[in-house]
Number of protein chains: 2
Amino acid sequence: MPYDPSAFPPFAVTVDLVVLTVRKDALCVLVVRRGEPPYQGRWALPGGFVRDDEDLEAAAARELAEETGLRPHAPEGPGVHLEQLATYGAPDRDPRMRVVSVAHLVLAPDLPAPIAGGDARSARWAPTDTLLGPVDANGWDAEQAPLAFDHDRILLDGVERARSKIEYSSLATAFCPPEFTVGELRRVYEAVWGVALDPRNFHRKVTGTPGFLVPTGGTTTRQGGRPAQLFRAGGATLLNPPMLRPEI
Amino acid sequence: MPYDPSAFPPFAVTVDLVVLTVRKDALCVLVVRRGEPPYQGRWALPGGFVRDDEDLEAAAARELAEETGLRPHAPEGPGVHLEQLATYGAPDRDPRMRVVSVAHLVLAPDLPAPIAGGDARSARWAPTDTLLGPVDANGWDAEQAPLAFDHDRILLDGVERARSKIEYSSLATAFCPPEFTVGELRRVYEAVWGVALDPRNFHRKVTGTPGFLVPTGGTTTRQGGRPAQLFRAGGATLLNPPMLRPEI
DNA sequence: GCAAAAGTGTTGATCCTACACCCATGA
DNA sequence: TCATGGGTGTAGGATCAACACTTTTGC
């Protein structure tokens, strides 16, 4: 077909961010409160319009920096991980206009400082299980209401992506600070999967997988008990054999 | 921010299809020849604009029907499989305008009839390894030139998705006719992964995985040799334990 | 000493690979 | 009879779950 500008309808394109972290042994997501209609006052995933001269991943990185002050790292490095998740474009997903949203997934360590660069009054970490858990008529209040737009579905897809990727990749280290113990890494797996793991077998498994963990030589007692070795993330990105998620 | 139509730039949104099949023991992709600039005369992935009132997956299903006459099935059923792959939106990926393309992956059995509904003169099955293989200055001709736009990258992502998904899901059966033998299923794995598998261990593995294959009772000798049992795809979508891809 | 968390050893079950071997058809 | 692909048996190795046990700190 020849090029005809009237042959296609115009869309708005946005990026939405599923920013996950592990806080107090719970998987949490960054949500912001909407200040204007539609869904005014409701919690939503952070996001915004893609600019005219901007690639999708660049737009996601820009929104992440605006909301949290975080910058994505190279795929291999430690720290914040950013990847494209999926795209959502149902015709009625935004009542104002036709919007296609390219969702991205961010995995970040628990930030000791409050979220930098963002507006603390309108942004917070919400445990994912209260947002995604079964809707119980009793324990339900406005604070735990579903997210705006189709953001519940996007969050669910993001959590499921994180749950499966830590099985066969070293991505769980993205939830940890630059130096961490085996026990801290295990608590990440337990929080993301929502299961209890055997500490002894877990230790053998992760320290025995080549390229997963590199000892730094230091130790720490911040968890109490016997001092634990400190590790950094190794260069390996794919785990072979994978971590096994217990069946529920 | 209040709603302001001038606050966001308009985009065109398209769907592109990576339609894969296994023909003559080779993984092949459906490509169409472009009839107009840019990239006139070059091969490209099929695709088209998303309509104003159309969901993304519906647009992909419509394009698939227009190009091949195929219809996607429910996730559980046998036959054509359709899923979203990824979204590509570099500012310069189409010289005419700003286009964001939501790529979809289709897995189809080898079609005995030529591609129905499409234009046979301008559509063909191309082996993926000649499109993606290392660029060798000798064996390179226009017929094997890279695809238009960023379709080489999209194809590579689609092939990689198919390679990994048949490890832990029963999706390989989407490449097979409704009834098939264990040997035919094995040749699918060998074509997609590009490796040779032990027929004896493969047989034990797939017939021993609960829910993967259901015997129909019939047999066939279409491959020569001893008659082989015929199977249909079972209800299982996730394989536990997964098929193991040999390391190269 | 005692609690707590970090590690190591061991055992039996499960799964995988490799290959010997048999089975049922067409030519 | 032979070639061809289908299918079963079996032995050795790798991996895993379960759990007893030792180590090293803070209190």
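Sequence lines set the chain letters: A, B, ... in the order given, protein chains first and strands last, and positions in each chain run from 1.
Atom NE2 in H203(A) sits roughly 12 Å away from atom C1' in dT23(D) (whole-Å rounding). R186(B) places its CZ atom 12 Å from the C1' atom of dT4(D), with the value rounded to the nearest Å. Computed from coordinates, the K205(A) NZ to dC16(D) C1' distance equals 8 Å when rounded to whole Å. In this structure, R200(A) places its CZ atom 16 Å from P of dT23(D), rounding to the nearest Å. Rounded to a whole Å, the CZ atom of F231(B) is 11 Å from the C1' atom of dG6(D). Here the P atom of nucleotide dT8(D) and the CZ atom of F202(B) are 14 Å apart, to the nearest Å. For the pair L244(B) CG and dC16(D) P, the computed distance is 11 Å after rounding to whole Å. Atom pair E184(B):CD and dG6(D):C1' shows a separation of 12 Å (rounding to whole Å applied).
Distance check: T181(A) OG1 to Q229(A) CD gives 10.5 Å after rounding to the nearest 0.5 Å. Note that the CG atom of L17(B) and the CD atom of E66(B) stand 10.0 Å from one another [nearest 0.5 Å]. For the atom pair T216(A) OG1 and E179(A) CD, the distance stands at 4.0 Å (nearest 0.5 Å). If you take CG on L131(A) and NE2 on H151(A), they are separated by 12.5 Å, rounding to the nearest 0.5 Å. In this structure, L171(A) CG and L105(A) CG are separated by 8.5 Å, a value rounded to the nearest 0.5 Å.
Using modelled atom types, no side-chain atom of E167(B) and backbone atom of P242(B) make a donor-acceptor pair closer than 3.5 Å.
Not less than 6.0 angstrom separates the ring centroid of F180(B) from the ring centroid of F231(B).
Boundaries of the chain A contact region on DNA chain C are dA4(C) to dT10(C), first to last in 5' to 3' order (nucleotide atom under 4.0 Å from a heavy atom).
Within residues 213-230 of chain B, the residues approaching DNA chain D are Q223(B), G224(B), G225(B), R226(B), P227(B), A228(B), Q229(B), by heavy-atom distance under 4.0 Å.
For R153(A), the CZ atom sits in a loose shell: 12 or fewer heavy atoms of surrounding residues, nucleotides or ligands are nearer than 6.0 Å.
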Practice item. Mind running side chain to side chain donor-acceptor pair (under 3.5 Å) on Q223(B) and E184(B) for me, showing each step along the way? Key: CA-CA 9 Å; Q223(B) 302 292 338; E184(B) 288 162 351; 3.0 Å; yes
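Sequence order on DNA chain C of the closest nucleotides to P241(B) and R187(A) puts R187(A) first from the 5' end. Heavy-atom distances to DNA chain D give each of R204(B) and P242(A) a nearest nucleotide, and the one nearer the 5′ end belongs to R204(B).
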